[in-house]
Amino acid sequence: MSGERGAFGAALRELRLAASLTLEGLAEASGVSVRGIGDLERGRRAAPQRRTVAALADGLGLSEADRERLLAVARSGRSRGYSPAGVRTFPRGIDDFVGREREIAELLGLAERSAAGDVFARDGGARSPGAHPVTVAVSGPPGTGKTTLVLHAARMLADRFPDGQLVLDLRGMDDEPPGPAELMLGVLKAFQVADRDLAKAGPRGHPALYRQTLADRRVLLVLDNAHDEAQVRPLLPGAGAGMVVVTSRRMLTGLESVHRLPLGELSAEEAAAFLTPLVGAERAAADPEALAEVARRCGHLPLALRVAGNWLATRTGWSLRRLADRLALDERRLDTLAAGDLRVSAAFDLSYRQLTPTAARLFRRLSLVPGADTSAAAAARLTGQRLYDAEDTLEELVEVGLLGTDRDRYRLHDLLCLFARTRLEAEESAEEVRRARADLYRWLLETTVVAGRWFEPGHGAPAADWRGTVDLSSADKALQWLKAEGVNWLAALRAAAADGEHATVVEVAEALHWFSDQWIFWGHWPEVFDTAVRAARALDDPLIEATQLNYHAWALLLCKGRFRESLDRSAEALAAAERAGDVAQEAWAHFYRAWALRKLAEYAQAARAMERAGRLFEAAGDLHGSLNAQHGHALILAEEGCAEAALTSFRDALAFLDQAGDRIAPHIAGFVRPGLHSGMAHSLAQLERWEEAVGQRHMAVDLWHDAGNTTQESSELVRLGLLLPSAGRAAEAREVFTRCLALGPDAAPQAVTDARRHLAEMSQVK
């Protein structure tokens with residue numbers, strides 16, 4: 001295919017898409033056959049005669065200016081004698097472009113840099129040999145609107161490149177894309193290089209002629225839909241004041257000295273703005289929630305949004321809600337996202353068919369991951385590869401635009417995940433799929449147990465003979481893994497419960513008990529421990545049942561603030577512990593009962609329950625329980641208003657902790673110690689000993705920070721901010737509340753809300 005044929009085809013396709021017409025729709029409107037239009041767009045036919053172009057222009061409803069431009073592109077493809085002042089082969093009618101402000105700004109800035117390098121000699125002669133063209137690689141998954149972005153930017157940049165703006169379709173998804181030699185020849189002909197000069201240079205001289213032609217002109221060259229680096233590299237000019245923009249689904253990592261501009265999906269706001277003109281402003285305003293849901297079901301992907309918009313535009317009787325509900329069905333979503341010859345799944349399939357068999361298999365099986373992202377270790381488990389081999393395969397998927405990354409995590413776009421699932425069902429047997437999922441879930445739960453036991457007294461580091469593929473060499477690494485894989489191992493736990501694997505469910509919950517203190521506001525602990533209660537009852541083991549009931553009482557109490565329900569659970573735990581004859585679990589049942597009663601301000605009952613818990617912990621020889629009971633007793637006194645007695649009790653508990661030394665597990669000591677300092681701060685504040693209270697609060701904040709417990713640190717910072725004005729240090733409070741807001745997503749939600757409110761109140765007081 002020559003460059004001119006590709007130019008006309010690219011122009012025609014862009015105009016058709018801008019008019020929201022399918023091939024069939026344009027054929028009906030113009031009288032030109034579907035096959036004829038398809039061949040023109042693919043460059044399989046020479047540029048058409050004027051009457052055919054006129055018919056296509058009528059069918060597209062082009063303005064006179066756009067009609068003349070399309071005719072000019074056709075003439076340049078038919079006649080070598082045609083010599084425009086500047087070559088231009090991209091259509092200007094991209095009227096529904098929205099968003100991408102940052103990317104557009106970056107392209108405009110790079111164009112300015114290119115223009116700044118266009119240095120002429122004083123006599124107006126040749127450009128300075130120091131001028132270099134700017135090259136930009138725009139990459140992204142299929143359907144992200146790479147070509148649309150670049151053509152929109154090209155329209156804005158046209159005046160900066162008066163010698164021409166040329167688009168070459170490199171047909172990167174074809175089985176046999178054109179090579180550099182063919183593409184160079186197309187560019188040379190587009191710039192009206194004489195046949196005699198081409199013949200004189202010969203094929204071997206064409207690269208030098210190509211480079212010289214571009215070096216002598218201020219040109220914007222768009223290399224659209226590149227296959228790989230080998231196709232692109234020879235086309236990059238080494239001199240001149242031009243600009244080259246390459247689009248590709250691949251990242252083209254091997255290209256040197258290029259500016260990279262990766263594209264992802266649109267923001268929620270941009271996606272809604274994209275859909276609105278397609279479906280009609282009145283229709284969109286009538287149900288903004290449904291509009292947002294349609295956009296979300298499209299994964300905010302421009303191609304999917306266009307298909308959904310076109311779909312609604314041709315079905316005026318459909319409401320946005322009706323389409324949103326249809327898209328909500330995972331098994332039908334990709335089928336719904338099809339309008340004429342525009343199919344989201346077809347765009348994905350082009351990339352999928354270029355994968356190696358190993359990469360294709362991993363891509364399919366990544367759809368088995370229940371969460372939004374995964375790790376290389378999980379990928380290795382899905383395919384049975386060694387870890388390093390799995391990393392290489394994942395990077396192949398990243399390179400071709402089928403997989404996203406965030407540090408060491410890998411993510412399939414929602415629609416790509418659905419596509420991968422369809423390929424999995426089509427290409428692998430149900431038994432293969434079942435085994436792959438079961439193996440992944442088993443690995444997730446086994447690793448969860450090992451990671452969780454870092455926080456369990458008497459366990460700690462993995463056994464010396466453990467041969468896992470995840471680095472769990474420290475408690476911090478175990479914590480990070482458990483958080484990163486939380487959605488995934490929770491799904492595996494649910495599956496184990498559904499399959500009646502009761503012992504496994506209990507083992508996982510037990511391993512996570514002490515870890516749960518490190519991630520209190522995750523939101524799923526009540527479910528985890530309630531699931532374990534049901535598993536324990538199925539096992540008919542009263543001791544395990546009592547243990548898991550106590551854990552569930554804790555989760556309801558601290559994670560959800562459901563104090564009455566927690567009381568009911570601790571009562572059930574006490575009954576089960578008495579049946580089992582286990583003093584330690586009886587003690588914990590009394591402890592959680594006391595805690596719930598304290599939260600309900602029933603202090604007398606709370607004190608009696610906590611005293612009972614302390615005696616039972618001592619009888620059982622449970623140091624960790626005894627420490628918690630002493631802490632709990634001090635908290636009851638503090639909240640009851642007995643400040644002096646509470647202060648003494650907090651100090652006694654701190655002395656007990658210091659005396660126990662390494663008999664208390666480090667992470668448990670790390671959790672209790674800052675709580676004791678926080679309690680002392682509260683009691684000192686009640687006694688109006690402000691400076692001492694501030695000192696204890698600071699100590700608690702520092703200890704929570706050193707322990708990496710962001711949730712507790714955020715809550716402590718709010719308490720500190722509220723205390724500082726009483727100590728005559730109100731100016732420091734703003735800094736403390738601001739520090740709380742800077743902690744990120746692991747901060748306690750209520751602490752963030754309180755810090756934001758207090759800052760707003762402070763801003764109103766001048």
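One is the number of the first residue; the rest follow in order along the sequence. Predicted model, so just to flag it, every value in this text is computed and none were measured.
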Do side-chain atoms of [X] reach the backbone of [Y] as a donor and acceptor pair under 3.5 angstrom?
| X | Y | result |
| --- | --- | --- |
| Glu391 | Ala377 | no |
| Glu446 | Trp443 | no |
| Arg16 | Leu21 | yes |
| Thr374 | Ala379 | no |
| Thr405 | Arg407 | no |
| Ser714 | Ala748 | yes |
| Asp406 | Arg409 | no |
| Ser248 | Ala226 | yes |
| Arg260 | Met251 | yes |
| Thr448 | Leu444 | yes |

Aromatic plane relationship, [Y] with [X] - under 30° parallel, 30 to 60° tilted, over 60° perpendicular:
| X | Y | answer |
| --- | --- | --- |
| Trp318 | Trp311 | perpendicular |
| Tyr551 | His513 | parallel |
| Trp522 | Trp525 | perpendicular |

Presence of salt bridge, [Y] and [X], under 4.0 angstrom:
| X | Y | result |
| --- | --- | --- |
| Arg423 | Glu428 | no |
| Glu572 | Arg537 | yes |
| Arg421 | Glu425 | no |
| Asp439 | Arg442 | yes |

Atom [atom1] of [X] with >12 non-hydrogen neighbours under 6.0 angstrom:
| X | atom1 | value |
| --- | --- | --- |
| Glu28 | CD | no |
| Arg757 | CZ | yes |
| Glu289 | CD | no |

Student check: side-chain heavy atoms of [X] and [Y] closer than 4.5 Å:
| X | Y | result |
| --- | --- | --- |
| Leu556 | Arg569 | yes |
| Arg249 | Pro141 | no |
| Leu170 | Asp224 | no |
| Phe419 | Asp349 | yes |
| Leu403 | Leu366 | yes |
| Glu565 | His552 | no |
| Glu396 | Thr358 | no |
| Thr247 | Ser139 | no |

Trace of the side chain to side chain contact (heavy atoms under 4.5 Å, CB included) decision for Leu56 with Leu62: CA-CA 9 Å; Leu56 291 168; Leu62 297 183; over 6 Å; no
Identified ring pair (Phe, Tyr, Trp, His ring centres under 6.0 Å) partner of Phe363 from the options Phe348, Tyr352, Tyr410: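 The option that passes is Tyr352.
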Thr144 and Glu265: CA distance, side-chain angles, deciding distance, side chain to side chain donor-acceptor pair (under 3.5 Å) verdict: CA-CA 6 Å; Thr144 48; Glu265 59 263 30; over 6 Å; no
Side chain to side chain contact (heavy atoms under 4.5 Å, CB included) between Asn488 and Glu485: does it pass, once the steps are laid out? CA-CA 5 Å; Asn488 294 328; Glu485 296 286 357; 2.7 Å; yes
Reference residue Glu293; test salt bridge (charged side-chain N to carboxylate O under 4.0 Å, His left out); the match among Arg326, Arg322, Arg321: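 Of the listed residues Arg326, Arg322, Arg321, the salt bridge (charged side-chain N to carboxylate O under 4.0 Å, His left out) partner of Glu293 is Arg321.
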Heavy-atom closest pair, residues Ala532 and Val506: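 Distance-wise, the nearest heavy atoms are O-CG2, 4.0 Å.
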Do Ser429 and Glu431 have a side chain donor and acceptor closer than 3.5 Å?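 Ser429 vs Glu431: no donor-acceptor pair found between side chains.
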